[in-house]
Amino acid sequence: MRVPVDTTKIASLVDATLDEHKPDIWISLGLYPGLSVIALERLGANVLDYPIPDNEDHQPHSKPVFPSGPLAYPATLPIKAIAAELRKQGIPVKVSNTASTYACNQIMYTRSISSPRRSCRRARVHSCALLPRHVASLTYPFQEFPSMSVDLMTDAVRTAISVTLARDTDIEAPPPGY
């Protein structure tokens, strides 16, 4: 599903989607300009602090995603194991401690609030926002932005799914050689 970049619609859309589909795994994807690697997000924080307006011109500052919610929720997919497998495949990756404070973080936190009443394993994956052909068409200094192919991003998501399905638990222990 696609989530509009509109802070006022995210919570209801995430809740409705989880209720309708009842997924076993929820991997939300986000794009981040300038990111040169796949980023596996460790935490969704209870904060909305949009550095730029969303697509409907909303720009919350220092507000909670949910006023009565905890400070943060962790991802429940085996992110270190996923990162290790991506590295083995030659896919650049990092474990990121937060999903920033924009819409991606709001989605991660919202589905964590929503998921306790469902048995849904969850994580957030950020990838490069630009395709090579887009970077090639830009002018200085943007022509120096990192890029990544759709095939590589797709391989990363497939790997995240297969590593998650192969594990009985999401409790993290560093994989061998990490």
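None of the values given here were measured: they were computed from a predicted structure.
- A side-chain donor-acceptor contact under 3.5 Å links Lys22 to the backbone of Asp19.
- Glu41 and Ser96 share a donor-acceptor pair across their side chains, judged by distance under 3.5 Å alone.
- With rounding to the nearest 0.5 angstrom, the CD atom of Gln89 is 7.0 Å from the CG atom of Asp155.
- Summarising the geometry, atom CE belonging to Met108 is positioned 12.5 Å from atom CH2 belonging to Trp26; distances are rounded to the nearest 0.5 Å.
- Of all non-hydrogen atoms in Leu43 and Ala72, the two that sit nearest each other are CD2-CB, 4.4 Å.
- Between Tyr109 and Pro70, the closest side-chain pair of non-hydrogen atoms falls below 4.5 Å.
- Looking only at side-chain heavy atoms (C-beta outward), Val14 and Ser28 stay at 4.5 Å or farther from each other.
- Distance alone, capped at 3.5 Å, is enough to place a donor-acceptor pair between the Asn105 side chain and the Ala45 backbone.
- To the nearest 0.5 Å, the span separating CZ on Arg42 from CG on Asn97 amounts to 5.0 Å.
- Test Leu40, Leu86, Val37 against Lys94 for side-chain contact (heavy atoms from CB on, under 4.5 Å) and you get one pass: Val37.
- Ile10 and Ala103 get closest at one heavy-atom pair: CD1-CB, 3.9 Å.
- With a 4.5 Å cut-off on side-chain heavy atoms, Leu165 and Ile25 count as touching.
- Placement of Leu71 and Phe66 in two distinct hydrophobic clusters is found when ILVMFWY residues are connected by side-chain heavy-atom separations under 4.5 Å, directly or transitively.
- Side chain of Gln59 to backbone of Pro51: a donor-acceptor contact under 3.5 angstrom is found.
- Of the inter-residue distances, the one linking Ser36 atom OG with Met148 atom CE reads 7.0 Å to the nearest 0.5 angstrom.
- Within the 4.5 Å cutoff, no side-chain heavy atoms of Pro146 are placed close to those of Leu35.
- The CD1 atom of Ile107 sits 8.5 Å away from the CG atom of Leu13 when rounded to the nearest 0.5 Å.
- With rounding to the nearest 0.5 Å, the separation of CZ in Arg2 from CG in Leu29 is 11.5 Å.
- Across Val135 and Ser147, no two heavy atoms sit closer than the pair CG2-CB, 3.6 Å.
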**Asked** Checking side chain to side chain contact (heavy atoms under 4.5 Å, CB included) for the pair Glu56/Thr8: CA distance, chi angles, key distance, verdict?
**Response** CA-CA 9 Å; Glu56 298 301 319; Thr8 66; 5.9 Å; no
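- In terms of heavy-atom proximity, Tyr50 sits nearest to Gln106 at OH-OE1, 2.6 Å.
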**Request:** Check the pair Val95, Ile79 against side chain to side chain contact (heavy atoms under 4.5 Å, CB included), reporting the backbone distance first and the verdict last.
**Result:** CA-CA 7 Å; Val95 173; Ile79 58 174; 3.8 Å; yes
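- The two residues Asp54 and Val5 have their closest heavy-atom pair at CB-O, 3.2 Å.
- Across all non-hydrogen atoms, the minimal contact from Leu48 to Thr7 is CD1-OG1, 4.0 Å.
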**Request:** Go through the steps to decide whether Val47 and Val65 satisfy the test side chain to side chain contact (heavy atoms under 4.5 Å, CB included), and finish with yes or no.
**Result:** CA-CA 5 Å; Val47 63; Val65 178; 5.8 Å; no
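- Asn46 contributes no side-chain N or O that, together with a main-chain N or O of Pro67, makes up a donor-acceptor pair within less than 3.5 Å.
- No side-chain donor-acceptor contact under 3.5 Å links Asp151 and Ser149.
- No donor-acceptor distance shorter than 3.5 angstrom exists from the side chain of Tyr73 to the backbone of Thr110, with no hydrogens or angles considered.
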